[in-house]
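Here is the structure we will look at, set down as structure tokens.
So you know, we letter chains A, B, ... as the sequences are listed, proteins then strands, and number each from 1. All values reported here derive from a predicted model rather than from experimental measurement.
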Number of protein chains: 2
Amino acid sequence: MTVQITPAELEIMKIIWDRPGLGASEIAGALVDQQDWTIKTIKTLLTRLVEKGALATTSEGRRYLYTPKIARKAYQKTAAGQLVDRLFNGRAAPLVAQLADARGLTDEDIAELEALLGTLKS
Amino acid sequence: MTVQITPAELEIMKIIWDRPGLGASEIAGALVDQQDWTIKTIKTLLTRLVEKGALATTSEGRRYLYTPKIARKAYQKTAAGQLVDRLFNGRAAPLVAQLADARGLTDEDIAELEALLGTLKS
DNA sequence: CCCTGTTGACCACATTTGTAGTCGATCTTA
DNA sequence: TAAGATCGACTACAAATGTGGTCAACAGGG
């Protein structure tokens with residue numbers, strides 16, 4: 001059972017992945033443009049993420065600073081793996097095909113994918 | 001707001017995408033190896049999927065036959081798009097990179113991806 | 001023709017998720 | 001030094017989700 005991070009919690013994780021070591025009110029500040037949450041809501045989400053083992057805390061005076069306990073890349077891997085397993089029979093190519101069809105790939109994407117395939121070919 | 005299909009519901013959808021027009025007990029039969037659900041549970045999930053507009057029903061005698069109202073590909077596209085937006089800044093290449101890193105790509109995947117990239121290059 | 005099994009309709013209930021409120025302790029500022 | 005701001009702990013509560021139960025109608029086997 002991988003740690004399950006909900007959509008709302010993920011928004012918090014993204015902030016902390018970008019800037020580890022923030023306190024609750026700074027996270028609220030970073031989210032203000034983006035989410036319409038009160039500080040209370042953010043604190044609840046932070047608590048839940050700590051309970052789940054997704055964040056670690058350090059005390060600084062009477063407040064907590066939050067750092068990721070689950071790395072962004074690790075989470076990206078599980079999430080991508082889950083999607084591909086659940087919906088694409090574990091195969092990456094059809095997933096990319098649907099993405100390309102749904103929204104197109106940027107030139108940059110195409111270039112990066114080519115480079116990636118190059119490194120993978122034995 | 002795209003129709004939200006939960007993980008449990010998705011298992012049902014997959015059966016019906018494969019074999020549209022089944023009734024509840026046949027779906028239960030198809031799931032028996034895979035899920036440990038009673039017929040009651042399956043019927044509840046079917047009802048919810050109909051309420052959500054993901055399935056359509058036809059009456060056959062005193063039972064219902066279920067067919068997809070949301071196509072598999074359409075759902076794959078939304079789900080893939082959501083993942084890529086929420087976790088990869090909308091970029092496909094990093095998603096594939098994480099997948100490759102997490103579980104490797106099969107030779108077939110690599111070949112298909114190359115073919116796909118070929119068709120996309122203007 | 002009666003019993004049994006199956007069907008959909010409706011109900012139940014714990015857990016998770018989204019969104020916040022209360023409270024006592026503490027920090028800060030006038 | 002007293003009042004307000006802020007902190008974490010704890011509580012609240014509706015909606016969604018997972019899982020299954022009840023019940024009345026009906027269909028089919030003996």
Side-chain angles (χ1 to χ4, degrees), chain A residues 1-16 21-67 70 75 78-79 82 86-87, chain B residues 1-16 21-67 70 75 78-79 82 86-87:
Chain A
M1 266 155 301
T2 323
V3 174
Q4 205 38 44
I5 295 175
T6 73
E9 288 166 357
L10 184 59
E11 295 310 307
I12 307 274
M13 289 303 291
K14 289 201 272 185
I15 301 290
I16 301 177
L22 296 184
S25 56
E26 294 145 89
I27 294 168
L31 279 166
V32 124
D33 294 333
Q34 190 176 337
Q35 300 291 140
D36 190 23
W37 289 332
T38 69
I39 181 84
K40 302 303 191 173
T41 299
I42 291 166
K43 285 184 179 187
T44 300
L45 293 172
L46 284 168
T47 304
R48 290 183 184 165
L49 284 165
V50 171
E51 281 165 6
K52 289 184 179 183
L55 291 178
T57 54
T58 323
S59 290
E60 192 219 39
R62 78 199 183 88
R63 71 191 195 129
Y64 289 146
L65 305 183
Y66 297 89
T67 39
I70 292 181
Y75 184 71
T78 1
Q82 275 177 25
R86 301 155 54 65
L87 224 66
Chain B
M1 264 152 303
T2 323
V3 173
Q4 204 41 44
I5 295 175
T6 73
E9 289 164 356
L10 184 58
E11 294 310 308
I12 308 275
M13 288 302 291
K14 289 201 272 185
I15 301 289
I16 302 178
L22 295 185
S25 56
E26 294 145 89
I27 295 169
L31 279 166
V32 121
D33 293 334
Q34 191 177 336
Q35 299 292 140
D36 191 23
W37 288 332
T38 68
I39 181 84
K40 303 304 193 172
T41 300
I42 291 167
K43 286 185 180 189
T44 300
L45 293 172
L46 284 168
T47 304
R48 289 185 185 164
L49 284 165
V50 172
E51 280 166 6
K52 287 183 179 186
L55 291 179
T57 55
T58 323
S59 290
E60 194 221 38
R62 78 199 185 90
R63 70 192 198 129
Y64 289 148
L65 304 183
Y66 297 88
T67 39
I70 292 181
Y75 184 71
T78 359
Q82 275 177 25
R86 299 157 57 66
L87 223 66

Taken to the nearest whole Å, CD/A:Gln4 to C1'/D:dT17 is 13 Å
Rounded to whole Å, the CD1-P distance (A:Ile12 to C:dT17) equals 15 Å
* Any A:Tyr64 side-chain nitrogen or oxygen under 4.0 Å from OP1 or OP2 of D:dA9 -> yes
Among the nucleotides C:dG8, C:dG18, C:dT19, whichever has the atom closest to the side chain of B:Ala24 is C:dG8
CD1 (A:Ile16) and CG (A:Leu65) are apart, to the nearest 0.5 Å, by 10.5 Å
**OP:** Considering only NZ, NE, NH1 and NH2 on the basic side and carboxylate oxygens on the acidic side, decide whether A:Glu51 and A:Arg48 come within less than 4.0 Å.
**Re:** no
Applying salt bridge (charged side-chain N to carboxylate O under 4.0 Å, His left out) to A:Arg63 and not counting sequence neighbours gives A:Glu26, A:Glu60
Taken to the nearest whole Å, CD1/B:Ile27 to C1'/C:dG8 is 14 Å
In this structure, CG of A:Leu45 is separated from CG of A:Leu55 (nearest 0.5 Å) by 10.5 Å
Rounded to whole Å, the CD1-P distance (B:Ile39 to C:dT6) equals 9 Å
Between CD of B:Glu9 and C1' of D:dA16 the distance, given in whole Å, is 10 Å
- Task: Given side-chain contact (heavy atoms from CB on, under 4.5 Å), test B:Trp37 with B:Ile12 step by step and report yes or no.
- Result: CA-CA 11 Å; B:Trp37 288 332; B:Ile12 308 275; 4.1 Å; yes
Do any side-chain nitrogens or oxygens of B:Thr41 fall under 4.0 Å of OP1 or OP2 in D:dG20? yes
Between the protein and nucleotides 28-30 of chain C, which nitrogen or oxygen pairs are less than 3.5 angstrom apart?
none

Interatomic distance, NZ@A:Lys14 vs CZ@B:Arg86, rounded to 0.5 Å, equals 6.5 Å
Between the CD1 atom in A:Ile15 and the OH atom in A:Tyr66, the distance rounded to the nearest 0.5 Å is 14.5 Å
note: B:Ile5, atom CD1; D:dT17, atom P; distance rounded to Å ~ 11 Å
CA sep, side-chain torsions, deciding dist, call: A:Lys40, A:Thr44, side-chain contact (heavy atoms from CB on, under 4.5 Å) = CA-CA 6 Å; A:Lys40 302 303 191 173; A:Thr44 300; 5.5 Å; no
- Passes side-chain contact (heavy atoms from CB on, under 4.5 Å), B:Leu87 versus A:Met13? Steps please. CA-CA 10 Å; B:Leu87 223 66; A:Met13 289 303 291; over 6 Å; no
Between the CD1 atom in B:Ile42 and the CG atom in B:Leu31, the distance rounded to the nearest 0.5 Å is 5.0 Å
Tabulated below should be each protein N or O lying under 3.5 Å from an N or O of nucleotides 2-4 of chain D; please produce it.
none

Distance col, row B:Ile5:CD1 vs B:Thr78:OG1, nearest 0.5 angstrom, shows 8.0 Å
Note: contacts of residues 45-54 of chain A with DNA chain D (heavy atom, under 4.0 Å) are A:Arg48
Taken in chain and number order and not counting sequence neighbours, the residues that satisfy side chain to side chain donor-acceptor pair (under 3.5 Å) with A:Thr38 are A:Thr41
Regarding the side chain of B:Ser25, the nearest nucleotide among C:dT17, C:dT7, D:dT19 is C:dT7
Below 3.5 Å between N/O atoms, which protein atoms pair up with nucleotides 21-30 of chain D? Just atom names and distances, please.
from	atom 1	to	atom 2	distance (Å)
D:dT22	O4	B:Lys40	NZ	3.0

Rounded to whole Å, CG of A:Leu31 lies from C1' of C:dG18 at a distance of 14 Å
In short, A:Ile39 meets A:Ala24 closest at the heavy-atom pair CD1-O, 3.8 Å
Taken to the nearest whole Å, CH2/A:Trp37 to C1'/C:dG21 is 18 Å
Between B:Gln4 and B:Glu9 the two heavy atoms that sit nearest each other are O-OE1, 3.8 Å
